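What's counted below: heavy atoms across the whole structure, side chains too, no hydrogens, waters or symmetry copies. As the structure is a computational prediction, the values presented were derived from the model and not from experiment.
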Amino acid sequence: MNVTVDFGGRAVLVTGGTKGIGFVIAEAFLAAGAGVVVCGRNEPEKLPSAVGRTARFVAADIRDPAEAARLVEQTVDHLGRLDVLVNNAGGSPNADAATVSPRFVERIVDLNLLAPFYVAQPANLVMREQETGGSIVNIGSVSGVDPQPGTAAYSAAKAGLLMLTRALALEWSPKVRVNHITTGLIRTDAAASLYGEDGGAALSEVIPMRRLAAPQDVANACLFLASDLASYLTGADIPVHGGGEVPARYLATRG
């Protein structure tokens, strides 16, 4: 059996692939030979590209089930098939759970939990009819297993995404594999201001790997999970968080 991370001839859809982590994930698949479609609500000035190839863009608000279905349909129209879906779109600003509005909570759950489900459903319908099946990778967060203040709605949605991953893996195997990545602190331009004036240097001291993750770290995990190297993995969760955080009780007493 030939085991490969060569994605030549394969088709990949990355939601939220027009910026940040999703942009780098899309570039990684392009560099590995895949055809790639990215989506967002508005077309960006720059699209992911690598080795002389550029991702295609489809405008879609994936919180709407009809638009999510159209996104998958147009991806197949562009690329002829769909081998990999990376559910990357997500995120949330911090909000006080005591005062946050119901509408805010709905929007966060829509984006981080329901939207991945809405895209995965039509993707599965395509993948299960293909001889080689397909792979779905859901991008989660350490907040889903270790919530922080100000993240109640987001943490609940991300915890749900992990359970959704395991449930879909049970239902859709063996043709479609569904896996999850738990991301930790990631150094991106958008997040730099959230990590303090030093851009996260102090935070690195509480991470066993002594650095924040780079978007490429997440992209590499996506390549692995979607590749033949992971052909027996489904319902799995890979923590890309540098070992988590050193316990506060240790930091408080070691000095």
Side-chain angles (χ1 to χ4, degrees), residues 4-62 67-91 115-116 118-140 176-181 183 186 188-190 214-231 238 240:
T4 179
V5 290
D6 178 4
F7 284 86
R10 300 192 193 182
V12 179
L13 169 60
V14 182
T15 68
T18 61
K19 58 185 178 181
I21 300 165
F23 192 97
V24 176
I25 292 171
E27 287 191 323
F29 277 104
L30 286 166
V36 177
V37 167
V38 297
C39 73
R41 284 180 287 173
N42 300 298
E43 185 166 2
E45 294 182 2
K46 179 182 179 182
L47 287 169
S49 62
V51 294
R53 301 164 61 247
T54 301
R56 293 174 178 264
F57 173 77
V58 174
D61 183 348
I62 57 174
E67 291 205 30
R70 178 181 57 79
L71 167 64
V72 171
E73 181 181 357
Q74 291 191 7
T75 297
V76 175
D77 287 344
H78 285 312
L79 303 179
R81 55 187 295 114
L82 179 57
D83 299 285
V84 180
L85 164 64
V86 180
N87 270 318
N88 164 78
Y118 295 154
V119 184
Q121 281 185 314
N124 170 64
L125 293 178
V126 173
M127 293 174 177
R128 72 184 188 183
E129 299 302 322
Q130 298 173 160
E131 182 178 353
T132 53
S135 171
I136 298 173
V137 180
N138 293 324
I139 306 299
V176 178
R177 298 184 299 107
V178 188
N179 292 295
H180 183 276
I181 295 173
T183 63
I186 302 173
T188 64
D189 291 340
Q216 189 65 48
D217 293 315
V218 181
N220 290 343
C222 289
L223 289 173
F224 167 68
L225 285 173
S227 76
D228 296 339
L229 291 170
S231 62
I238 294 184
V240 182

Return the set of residues passing side chain to side chain contact (heavy atoms under 4.5 Å, CB included) with T54 (not counting sequence neighbours), or none when no residue passes.
-> L47, S49
Between C222 and F29, is any pair of side-chain heavy atoms under 4.5 Å apart?
-> yes
For T18, which residues count as a side chain to side chain contact (heavy atoms under 4.5 Å, CB included) partner, sequence neighbours excluded?
-> V38, P44, F57
Please report the shortest heavy-atom distance between S231 and R177, naming the atom on each side.
-> O-CD, 3.4 Å
Nearest 0.5 Å, what's the CG-CG distance between L13 and N88?
-> 10.5 Å
Heavy-atom pair of closest approach, residues L30 and P48 | CD1-O, 3.4 Å
Distance col, row D217:CG vs T183:OG1, nearest 0.5 angstrom, shows 11.0 Å
Rounded to the nearest 0.5 angstrom, the CZ-CD1 distance for F224 and I238 is 5.0 Å
side-chain hydrogen bond (donor to acceptor under 3.5 Å, both in side chains) filter on D61, not counting sequence neighbours, yields R63
Value for CG (D83) from CE (M127), rounded to nearest 0.5 Å, stands at 7.0 Å
Any side-chain heavy-atom pair of I62 and C39 under 4.5 Å | yes
Contact summary for A219 and V24, nearest pair of heavy atoms = CB-O, 4.1 Å
Between A120 and I136 the two heavy atoms that sit nearest each other are CB-CD1, 4.1 Å
Closest approach of A31 to A50 (non-hydrogen atoms, all atoms of both residues) = N-CB, 3.8 Å
Heavy-atom distance under 4.5 Å between the side chains of V84 and L225, does that happen here?
-> no
The side-chain hydrogen bond (donor to acceptor under 3.5 Å, both in side chains) partners of N220 (sequence neighbours excluded) come to Q216
Not counting sequence neighbours, list each pair that qualifies as a side-chain hydrogen bond (donor to acceptor under 3.5 Å, both in side chains) and has a residue in residues 131-140.
-> R81-T132, N87-N138, N138-T165
Closest heavy-atom pair, A68 versus P122, reported as atoms and distance to 0.1 Å, is O-CG, 4.2 Å
Is the shortest heavy-atom distance from the side chain of I21 to the side chain of I139 under 4.5 Å?
-> no
Which pairs count as salt bridge (charged side-chain N to carboxylate O under 4.0 Å, His left out) when at least one residue sits in residues 30-54, sequence neighbours excluded?
-> none
Quick one: list whatever passes side-chain hydrogen bond (donor to acceptor under 3.5 Å, both in side chains) with E67, sequence neighbours left out.
-> R70
F23: what forms a ring-ring contact (aromatic ring centres under 6.0 Å, His included) with it, not counting sequence neighbours?
-> none
Residue list, side chain to side chain contact (heavy atoms under 4.5 Å, CB included) with A221, at least two apart or on another chain = I181, V240
